[in-house]
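Letters A, B, ... mirror the listed sequences (proteins, then strands); counts begin at 1. Everything quoted here is computed from the prediction, not taken from an experiment.
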Amino acid sequence: MTNTLFRLGYVAMSVHLKNSSPSQTMTYKRYSQFDDEEAAVHKLESVAQSNVQNCLRLLKHNKANDIHFFRLSSRLVPLATHEALKGWDYIKPVKKDLEDLGDFADRNQMRIDFHPDHFVVLNTPRKEVLKTSFLTLDYHYKLLTNMNVSPRHRCVLHLGGKYESKEDSLERFITNWSYVPERIQEMIMLENDDKTYHIHDVLYACEKLNIPAVFDLHHHLANHEQENWIKEWDRILNTWNASPHAVKMHISSPKSKKQFRAHADTVDSDMFLQFAKEVNGSTGQIDCMIEAKKKDEALFQLVKDLKSNPEVEMVDEASFYLKA
DNA sequence: CGCTGTCAAGACGAA
DNA sequence: TTCGTCTTGACAGCG
C-alpha cells in the first residue's frame, strides 16, 4: 500500500498577516450615496486592487509556511455583478494584479480555488436567480482566466434549495445543468451540505453529470442517510478520475453540540486523524481544506497536534504521511 | 477604541 | 404574503 499524502489548506484570509483582507467592500448603498459616479467607480476599483494585491501577500505568507492549497475569497471585486454596474469592465483595473497572483501560484505550484457564496443556486425554479447565478459564475471564470489559471474544477457549489420537493429539486439541478455554458460546467465541483443534500444525493448528480464530489465530513455528520460514509468513499474517489487535481475534502469541527452546524475556532485533531487513517492508501493525495474560524491559526494548531503524534510523518509544515 | 447596528444575497419557516 | 432568521466579514457611527 502506498501512503496518501495529506496536504492542508485554509480559507480566504489570515489572522496572522496584518491588514491583509482580500474582501474589503463597498455596499451598493454606499456606492449610490456618492454624488460623483466616476469617483464611486474609482473607489470600487481601488478596493478591488487592494483585495487582489492582498491575495498575493497571503500566497507569499502561505509559501513561507509551506501551504500550497488555498481558497480565494469570492468578494475580490465588490459589486462586480451588481445590476446597477452593468457595462463596467471590472477586470481591467485588476488585470495586472490578477496576472501577478496567478503567476505566483503557478511558479510555486499552489492549488487555488473558490467557493462562491450560497446565492449561486443552480437548482432554483426562478429564471432571474439562475441568471444571476450564471453571472456570478462568469465573474469567477473571468477572475481565473485572467490569472491564467485553468478554470477546470475550481469552484465548489452545493446542489441548492429543497423547495417544495427535494426529489424534484434534485432533478431540477440536472435539468438546469444543461443550460449552464460548458466552460462554466467545467469549473464546478459539488459538495454535500448540512441541511438538505447529503453525500448520496451529491454522488447521484456527480456520477450522472461527471462532476467531482467534494466530501465535507462535518456536513455529513450533520446531514446523512447513513452515517457510515466509508462505504461510499470509492464512489467519491471515482468522481475525481477525470480531474487534473487531487481529491479535495473539507474539514471542520462543530462549534458545540447545540450549534453543531457552525464552525468551531479550530479543528479537532483526533477526529481528523481518525478520518485520515480510514482513507490512508486509498489514493495518492488528498487536499484537506481546513474551515475554521481561526483560519490559518487553526491550520497551525492542527499541525502542532499532528507533530506530537508518533504515527504522523510530516513532509513539511503543511503536509504529511501516516506511517504504515 | 470597542461595541452595536447595518449591509448584501436566496432560502425558508413562522405568522 | 410578508417578515424575521440564517450566515459572513466589513465598516459606519456611537459613546
Side-chain angles (χ1 to χ4, degrees), chain A residues 10-34 40 43-44 46-55 58 70-86 90 114-140 155-170 172-173 176 191-197 201 216 218-219 222-223 250 252-256 258-265 289-298:
Chain A
Y10 70 100
V11 175
M13 55 190 280
S14 165
V15 300
H16 283 274
L17 198 64
K18 296 298 162 206
N19 302 314
S20 63
S21 170
S23 44
Q24 285 173 282
T25 196
M26 188 175 180
T27 61
Y28 179 66
K29 183 165 179 161
R30 296 252 110 219
Y31 171 83
S32 54
Q33 280 165 353
F34 272 71
K43 173 72 183 159
L44 274 179
S46 66
V47 168
Q49 283 166 356
S50 166
N51 285 342
V52 179
Q53 286 163 10
N54 279 339
C55 286
L58 285 160
F70 186 59
R71 178 190 302 164
L72 294 171
S73 164
S74 280
R75 303 185 181 184
L76 299 181
V77 186
L79 304 181
T81 58
H82 200 285
E83 225 197 340
L85 280 120
K86 229 184 271 174
Y90 57 83
F114 286 109
H115 195 337
D117 286 328
H118 65 281
F119 313 115
V120 174
V121 193
L122 292 185
N123 78 337
T124 181
R126 295 165 56 197
K127 276 220 168 71
E128 329 76 85
V129 175
L130 194 60
K131 213 176 139 188
T132 58
S133 296
F134 287 176
L135 209 63
T136 303
L137 287 170
D138 193 52
Y139 154 81
H140 287 85
C155 284
V156 183
L157 294 182
H158 296 287
L159 282 164
K162 181 172 70 172
Y163 307 98
E164 66 297 332
S165 146
K166 180 174 151 176
E167 281 66 34
D168 291 353
S169 300
L170 179 54
R172 196 179 318 101
F173 184 94
N176 284 355
E191 177 196 353
N192 56 311
D193 70 71
D194 54 4
K195 283 177 96 165
T196 310
Y197 297 105
D201 301 318
D216 187 311
H218 182 189
H219 289 169
N223 174 36
H250 289 174
S252 53
S253 293
K255 189 180 177 74
S256 64
K258 220 175 166 186
Q259 289 177 274
F260 189 86
R261 286 165 42 233
H263 286 168
D265 287 357
M289 183 58 72
I290 304 301
E291 296 180 325
K293 213 149 176 115
K294 285 193 175 169
K295 309 293 177 187
D296 53 343
E297 174 56 21

Exercise. Rounded to whole angstrom units, what separation is found between the CD atom of A/E164 and the C1' atom of B/dC12?
Worked result: 12 Å

For this session: Rounded to whole angstrom, note down the C1' distance from B/dG10 over to C/dC11.
Result: 23 Å

Which donor-acceptor pairs under 3.5 Å do side chains of residues 76-86 of chain A form with protein atoms, sequence neighbours excluded?
unit_1: A/H82; atom_1: ND1; unit_2: A/A84; atom_2: N; d: 3.0

Problem set entry | P spacing across the pair B/dG5 / C/dG4, given as an integer number of angstrom | 15 Å

Seminar exercise, completed: Here the distance between atom C1' of C/dC6 and atom NZ of A/K162, to the nearest Å, is 15 Å

For this session: Test side chain to side chain donor-acceptor pair (under 3.5 Å) on A/S14 and A/D296 and set out the steps.
Result: CA-CA 6 Å; A/S14 165; A/D296 53 343; 2.6 Å; yes

Exercise. Distance-only, no hydrogens or angles: does the A/T124 side chain make a donor-acceptor pair with backbone N or O of A/V121 under 3.5 Å?
Worked result: no

Exercise. So, A/D117 versus A/S74: side-chain donor-acceptor pair below 3.5 Å or not?
Worked result: no

Exercise. Under a cut-off of 3.5 Å for both distances of each Watson-Crick or G-U pair, what dot-bracket string does DNA chain C give, using [ ] for crossing pairs and | for inter-strand pairs?
Worked result: ||||||.||||||||

For this session: Report the residue from A/H115, A/H219, A/R71 that forms a side chain to side chain donor-acceptor pair (under 3.5 Å) with A/E291.
Result: A/R71

For this session: Could you tell me whether the phosphate oxygens of B/dA11, OP1 or OP2, come under 4.0 Å of any side-chain nitrogen or oxygen in A/Y163?
Result: yes

Could you go over nucleotides 7-11 of chain C and give all protein N or O partners under 3.5 Å, atom names and distances?
unit_1: C/dG9; atom_1: OP1; unit_2: A/K295; atom_2: NZ; d: 3.2
unit_1: C/dA10; atom_1: OP1; unit_2: A/S21; atom_2: OG; d: 2.6
unit_1: C/dC11; atom_1: OP1; unit_2: A/T25; atom_2: N; d: 3.2
unit_1: C/dC11; atom_1: OP1; unit_2: A/T25; atom_2: O; d: 3.3

For this session: Begin from the C-alpha positions of A/K293 and A/D265 and carry the test salt bridge (charged side-chain N to carboxylate O under 4.0 Å, His left out) through to its verdict.
Result: CA-CA 4 Å; A/K293 213 149 176 115; A/D265 287 357; over 6 Å; no

For this session: To the nearest Å, give me how far apart NZ (A/K195) and P (C/dT5) are.
Result: 14 Å

Exercise. Which whole number of Å gives the distance between the P atom of B/dA14 and that of C/dT7?
Worked result: 16 Å

For this session: Could you tell me the separation between the CZ atom of A/F34 and the C1' atom of C/dA12, rounded to a whole number of Å?
Result: 13 Å

For this session: Is it possible for you to check whether A/R126 lies under 6.0 Å from the centre of the six-membered ring of A/Y163, through NZ or CZ, and within 45° of that ring's axis?
Result: no

Exercise. Do you know which two heavy atoms are closest between A/F70 and A/M289, and how far apart they sit?
Worked result: C-CE, 4.0 Å

Exercise. For A/S50 and A/Q24, which heavy atoms make the closest approach, and how far apart are they?
Worked result: OG-OE1, 2.7 Å

Exercise. Rounded to the Å, how far apart are A/L135 CG and B/dA9 C1'?
Worked result: 14 Å

Exercise. Could you give the CD-to-C1' distance, from A/E83 to B/dA8, as a whole number of Å?
Worked result: 15 Å

For this session: Please report, rounded to the nearest Å, how far the P atom of B/dA11 is from the CG atom of A/D194.
Result: 16 Å

Exercise. Tell me: NZ of A/K29 to P of C/dA12, nearest whole Å?
Worked result: 13 Å

